[in-house]
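Working notes, structure below.
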Amino acid sequence: MINFRYHVVSLTAVFLALAIGLVVGTAALNGPVADSLKSQISALSKDNSNKRDQINQYRDELNKNQDFATQIAPAYLNNQLAGRKILVVALPNTSDYADGVIGMLKIAGATVTAKITVQDKFFDPNNTYELLDLAGQSSQPTIQGEGLPMNSDGVETASAQLALGLLQRAGSTQASADDVAALLTAYTKQGYLAVGDNAVGGAEGTVIISGEPPTDKDAAKKNQSAVTMATQFGKNKPLVVAGVSVGDGNLISAVRGDPKLVTDISTVDNASTAQGQVATAVVTAERMVQNKVGQYGLGAGASSLVPKAAS
């Protein structure tokens with residue numbers, strides 16, 4: 001007859017056998033499994049090291065390409081903009097490369113009549129009526145309101161007024177230096193613009209430097225306001241928009257996507273790099289000297305990196 005003691009002994013024997021099996025199995029597999037894991041870890045470590053080396057190499061090559069573009073610029077640009085007067089309008093988020101663009105324009109022989117940095121406040125839709133009031137109060141004897149848009153769009157009116165004061169006009173009547181200074185002071189004091197030293201009017205054309213578009217709740221309206229500003233500065237004089245074409249609603253993509261603007265405004269979509277800054281100077285020369293319009297860079301809508309060399 002099977003009693004309780006028999007069950008206890010049997011169960012003890014089973015558990016003992018399981019324990020012995022685990023110990024023996026672990027001991028038998030420990031060597032091969034551990035060696036395999038160590039081999040895999042070693043391989044992954046080497047692969048990661050190789051990837052880091054590749055990234056460092058690509059970074060070095062990119063830096064050298066930037067250096068090459070900078071060093072070759074004087075010979076390549078070769079005074080293509082000699083004697084030309086250019087207004088530079090820097091939009092928000094361009095501080096990292098705006099001066100690089102200006103540097104290449106100067107290497108090409110251009111005179112930068114003014115650098116105007118547009119503040120975020122300018123495109124804020126909540127300020128449209130304040131801008132309208134400012135435009136009215138800032139009118140100067142040689143920068144009158146005649147011909148300015150007659151609507152409630154503060155960005156359009158203010159942009160048209162600034163273009164009227166800073167760009168050359170047909171005929172002999174030009175904005176006086178004192179009136180230009182007073183106009184820019186008014187916008188600067190209200191926090192709409194920041195103006196570089198020795199800003200004057202009389203520019204033959206404009207380079208607008210664009211950055212990444214805003215992402216806040218008013219982004220769509222602000223992006224449209226940037227297009228509105230570009231339209232005003234490009235209405236009667238040559239205009240190049242140079243910057244980046246990343247982010248929804250960026251200015252360069254907006255220009256390239258508009259059937260009218262794309263025939264009037266040239267663009268460069270990689271102006272955050274030295275190569276793109278050199279290209280901007282070449283494209284500006286094409287736009288101002290040859291009166292040709294083109295779209296250049298790396299992004300969608302670009303025909304090539306730079307204009308074709310003249311035959």
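Between Leu184 and Ala199, the shortest heavy-atom contact is CD1-CB, 3.8 Å. Heavy atoms only, all atoms of each residue included: Ala160 and Gln232 are closest at CB-OE1, 3.3 Å. The minimum heavy-atom distance between Leu105 and Ala281, with the atom names listed, is CD2-CA, 4.0 Å. Contact record, Leu305 with Gly297: CD2-O, 3.6 Å, taken as the closest heavy-atom pair. Residues Pro214 and Asn223 share a closest heavy-atom pair of CD-OD1, 3.1 Å. Residues Thr280 and Ala271 share a closest heavy-atom pair of OG1-CB, 3.8 Å.
With a 4.5 Å cut-off on side-chain heavy atoms, Phe122 and Ser225 do not count as touching. In this structure, the side chains of Thr111 and Arg84 stay at 4.5 Å or more apart for every pair of heavy atoms. For the pair Thr206 and Val89, the minimum side-chain heavy-atom distance is below 4.5 Å. Residues Val200 and Val180 are not in side-chain contact: their nearest non-hydrogen atoms beyond the backbone lie 4.5 Å or more apart. Counting only heavy atoms from C-beta outward, the side chains of Asp269 and Tyr296 never approach each other to under 4.5 Å. With a 4.5 Å cut-off on side-chain heavy atoms, Leu183 and Leu162 count as touching. Side-chain contact check for Gln168 versus Gln174: some heavy-atom pair is nearer than 4.5 Å. Under the 4.5 Å side-chain criterion, counting only non-hydrogen atoms from C-beta, Arg169 is in contact with Leu164.
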For this session: Just do the side chain to side chain contact (heavy atoms under 4.5 Å, CB included) check on Val255 and Val227 with the steps written out, would you?
Result: CA-CA 7 Å; Val255 169; Val227 175; 5.9 Å; no

Problem set entry | Val283 and Val306: CA distance, side-chain angles, deciding distance, side chain to side chain contact (heavy atoms under 4.5 Å, CB included) verdict | CA-CA 7 Å; Val283 173; Val306 292; 5.9 Å; no

For this session: Might you work through the side chain to side chain contact (heavy atoms under 4.5 Å, CB included) test for Thr263 and Val293, ending with a clear yes or no?
Result: CA-CA 6 Å; Thr263 63; Val293 177; 5.8 Å; no

Exercise. Do Asp133 and Gln137 pass the side chain to side chain contact (heavy atoms under 4.5 Å, CB included) test, and can you show the C-alpha distance, the side-chain angles, and the key distance before you say yes or no?
Worked result: CA-CA 6 Å; Asp133 290 341; Gln137 297 167 7; 4.1 Å; yes

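For Thr273 (side chain) and Gly276 (main-chain N/O), a donor-acceptor pair under 3.5 Å exists by modelled atom type. For Glu204 (side chain) and Lys85 (main-chain N/O), a donor-acceptor pair under 3.5 Å exists by modelled atom type. Asn127 places no side-chain N or O within 3.5 Å of a backbone atom of Glu130 that could act as its donor or acceptor partner. Not one N or O on the side chain of Asp179 forms a donor-acceptor pair closer than 3.5 Å with the backbone of Ala175. In this structure, the side chain of Gln80 engages the main chain of Leu77 through a donor-acceptor pair within 3.5 Å. For Ser139 (side chain) and Gly136 (main-chain N/O), no donor-acceptor pair under 3.5 Å exists by modelled atom type. A donor-acceptor pair under 3.5 Å is formed between the side chain of Thr128 and the backbone N or O of Ser152. Without hydrogens or angle criteria, Thr142 side chain to Ser176 main chain gives a donor-acceptor distance under 3.5 Å. Here the side chain of Gln295 pairs a donor or acceptor atom with the backbone of Val262 at under 3.5 angstrom. Here the side chain of Asp153 pairs a donor or acceptor atom with the backbone of Glu156 at under 3.5 angstrom.
Under a 4.0 Å N-O distance rule, the pair Lys235/Asp264 does not qualify as a salt bridge. A salt bridge links Lys222 with Asp216: the closest approach of a Lys/Arg side-chain nitrogen to an acidic carboxylate oxygen falls below 4.0 angstrom.
When the side chains of ILVMFWY residues are joined at heavy-atom separations under 4.5 Å, either directly or via intervening members, Ile209 and Val246 end up in a single hydrophobic cluster. Placement of Ile107 and Tyr97 in two distinct hydrophobic clusters is found when ILVMFWY residues are connected by side-chain heavy-atom separations under 4.5 Å, directly or transitively. The cluster map of Ile, Leu, Val, Met, Phe, Trp and Tyr, joined by side-chain heavy atoms under 4.5 Å apart, puts Val88 and Ile116 in different clusters. Following chains of ILVMFWY side-chain contacts shorter than 4.5 Å, one cannot reach Val278 starting from Val101, and the two form parts of different hydrophobic clusters. Under the 4.5 Å side-chain heavy-atom criterion for grouping Ile, Leu, Val, Met, Phe, Trp and Tyr, Val241 is connected to Val155 within one hydrophobic cluster.
A donor atom on one side chain and an acceptor atom on the other are found under 3.5 Å apart for Ser253 and Asn250. Between the side chains of Tyr187 and Gln119, no donor N or O sits under 3.5 Å from an acceptor N or O. A donor and an acceptor atom, one from each side chain of Tyr76 and Gln71, are nowhere located under 3.5 Å apart. Counting only N and O atoms by type, the side chains of Arg256 and Thr267 include a donor and acceptor under 3.5 Å apart. Between the side chains of Asn126 and Asp124, a donor-acceptor pair is found at a separation under 3.5 Å.
Distance check, rounded to the nearest 0.5 Å: CE of Met229 to OG of Ser210 gives 12.5 Å. Gln277 CD to Asp99 CG: the interatomic distance, rounded to the nearest 0.5 Å, is 9.5 Å. Taken to the nearest 0.5 Å, the CG atom of Leu193 stands 5.5 Å off from the OG1 atom of Thr188. Taken to the nearest 0.5 Å, the CD atom of Gln140 stands 7.0 Å off from the OG atom of Ser138. Of the inter-residue distances, the one linking Ile265 atom CD1 with Ile208 atom CD1 reads 7.0 Å to the nearest 0.5 angstrom. Atoms CG and CG, on Leu87 and Leu239 in that order, are 9.5 Å from each other to the nearest 0.5 Å.
Heavy atoms from other residues, nucleotides or ligands lying under 6.0 Å from NZ of Lys237 number more than 12. More than 12 heavy atoms of other residues, nucleotides or ligands shown are found within 6.0 angstrom of CG on Asn79. Within a 6.0 Å radius of CG in Asp248, no more than 12 heavy atoms belonging to other residues, nucleotides or ligands are found.
By the 6.0 Å and 45° rule, Lys121 stacks over the aromatic ring of Tyr192.
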